[in-house]
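Okay, so here's the structure we're looking at.
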Amino acid sequence: MLSKASQVFTNADPYRVSDYVNQYVGAHRINLPNKRVAEAKLCHRDFGSLDLCRISYGSSVRVTSSGLNTCYHLQVLLKGSCLWRGYGDEHYFSPGELLLINPDDPADLTYSNDCEKFIVKLPVNVLERVCSDNYWKKPIGGIRFSPRHSLQQLSGFDSLLGLVCGESERVHGPSRLREYFTGIIATKLLELLDSNIEREPYEGDGSPFERVVQFVDDNIKKNISLDQMAAVARMSPRSLYNLFERHACDTPKNYVRKRKLEHIHGFLSDPERKVRSITEVAIDYGFLHLGRFAENYRNAYGELPSDTLRKRLT
């Protein structure tokens, strides 16, 4: 997550690194032992509305903050350990664990000597926009997440973060793609982590199946969850499975994937449509695992996406 191409500091004074973090990543204070070692390192990239940061102070340090105000911090522990204190509790985070700090949460963290973290700074308004786009009800007091999570339990999220870091280090990455990735990260956090958001029922005409089909087509480039489709149909997820079995002889998830693949196939087959890259098209429709996407596409159409694109050019 972020390579040396993004390095801002190496073997630096920890307080210099802290000053930089205060400016770009989030307000905080650090407290080090009397013996300071100039071994702090930091990599940083801004990426659309996000800030991406990989940091290690090179010695034990206590980090405190009264609150982040307008952003969330997603912190993934890469090395070492980090003692977190909050909500009258404390926990030693180990590599692979994820800490989510809400905007009004005070922070009290103690890093080990070898602690290294990857941090994503995510603005409040991005999450609020995702809630509106997905017909989810934003709590009056703001969106709040529980603090402790395991990265292993968040299917594909580590791959998504790696992909975002790679894109952030491209010299001329398109701004539209950057904002698209920002939306995906925000959506995934709201779908995968425990939070206080509520799903609002979708208002529309027609039968339950017709409403869901229309909803899928209207939101074909978004990550469409089972809960969303159940809300649109105004039924439980179990009943939704039965609905799709009767009308489509398929599961809701498979149906959505097939519709996305149909749209992509039509896009790649149309000589009037400009295709920058197959990867960009796949990501635009929510396929983050590109190898799996190619396999699904070949199973559906008997050829790879590159074959479809090549045919229209010959």
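Sequence positions, counted from 1, serve as the residue numbers for this chain. Hydrogens, waters and symmetry mates are skipped; everything else that's a heavy atom, side chains included, is used.
- Screening residues 117-127 for salt bridge (Lys or Arg N to Asp or Glu O under 4.0 Å), with sequence neighbours left out, gives no hits.
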* Run the side-chain hydrogen bond (donor to acceptor under 3.5 Å, both in side chains) check on His28 and Ser18 step by step: do they pass? -> CA-CA 8 Å; His28 72 291; Ser18 177; 2.9 Å; yes
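- Not one N or O on the side chain of Glu280 forms a donor-acceptor pair closer than 3.5 Å with the backbone of Ser277.
- By the ring pair (Phe, Tyr, Trp, His ring centres under 6.0 Å) test, His289 is found to be paired with no residue, residues two or more places apart in sequence or in another chain being considered.
- No donor-acceptor pair under 3.5 Å is formed between the side chain of Asn102 and the backbone N or O of Asp104.
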Notebook entry, point to check: Going through the distances and angles, do Glu295 and Arg298 end up as a salt bridge (Lys or Arg N to Asp or Glu O under 4.0 Å)?
Noted result: CA-CA 5 Å; Glu295 181 182 356; Arg298 182 169 56 186; over 6 Å; no
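- A distance-only check finds a donor-acceptor pair linking the side chain of Ser3 to the backbone of Ala5 [under 3.5 Å].
- A donor-acceptor contact shorter than 3.5 Å links the side chain of Thr182 to the backbone of Arg178.
- Linking Ile, Leu, Val, Met, Phe, Trp and Tyr residues whenever their side-chain heavy atoms come within less than 4.5 Å places Leu154 and Leu127 in a single cluster.
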Run the numbers on Asp217 and His263 for side-chain contact (heavy atoms from CB on, under 4.5 Å), then give the verdict. CA-CA 9 Å; Asp217 286 342; His263 277 257; 4.2 Å; yes
For salt bridge (Lys or Arg N to Asp or Glu O under 4.0 Å), just list the numbers for Asp218 and Arg211, CA-CA rounded to whole Å, side-chain angles, deciding distance to a tenth of an Å, and then say yes or no.
CA-CA 10 Å; Asp218 289 345; Arg211 291 200 303 271; over 6 Å; no
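- Between the Ser81 side chain and the Ser112 main chain, no donor and acceptor come within less than 3.5 Å of each other.
- No hydrogens or angles considered: a donor-acceptor pair under 3.5 Å links the side chains of Arg45 and Ser6.
- Figure legend: Lys221 and Tyr285 shown as a cation-pi pair, the cationic atom lying under 6.0 angstrom from the six-membered ring centre and within 45 degrees of its axis.
- Leu304 shares a hydrophobic cluster with no other residue; no ILVMFWY side chain has heavy atoms under 4.5 Å from its own.
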| task | Before giving the answer on side-chain hydrogen bond (donor to acceptor under 3.5 Å, both in side chains), spell out for Glu39 and Ser59 the whole-Å C-alpha distance, their side-chain angles and the decisive distance to 0.1 Å. | result | CA-CA 8 Å; Glu39 294 182 355; Ser59 63; over 6 Å; no
request  = Apply the test side-chain hydrogen bond (donor to acceptor under 3.5 Å, both in side chains) to residues Asp105 and Tyr87: give CA-CA distance (whole Å), side-chain angles for both, the deciding distance (0.1 Å), then the verdict.
outcome  = CA-CA 9 Å; Asp105 286 348; Tyr87 306 106; 2.8 Å; yes
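- Side-chain polar atoms of Gln23 and Asp19 form no donor-acceptor pair below 3.5 angstrom.
- If you check the side chains of Arg85 and Thr110, you find a donor sitting under 3.5 Å from an acceptor.
- In this structure, the side chains of Ser60 and Leu32 stay at 4.5 Å or more apart for every pair of heavy atoms.
- Between Asp250 and Arg257, none of the side-chain N atoms (NZ, or NE/NH1/NH2) sits under 4.0 Å from a carboxylate O, so this pair counts as no salt bridge.
- Residues Ser225 and Gln228 have side chains that bring a donor and an acceptor to within less than 3.5 angstrom of each other.
- Going from atom OG1 of Thr251 over to atom CG of Leu240 covers 9.5 Å, rounded to the nearest 0.5 Å.
- With no hydrogens or angles considered, a side-chain donor-acceptor pair links His44 and Tyr20 at under 3.5 Å.
- By the 30° and 60° cut-offs, the orientation of the rings of Phe145 relative to Tyr72 is perpendicular.
- A centroid separation of less than 6.0 Å is found between the aromatic rings of His91 and Phe93.
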Residues Glu97, Ser94; criterion side-chain hydrogen bond (donor to acceptor under 3.5 Å, both in side chains); working and verdict: CA-CA 6 Å; Glu97 288 190 287; Ser94 57; 3.2 Å; yes
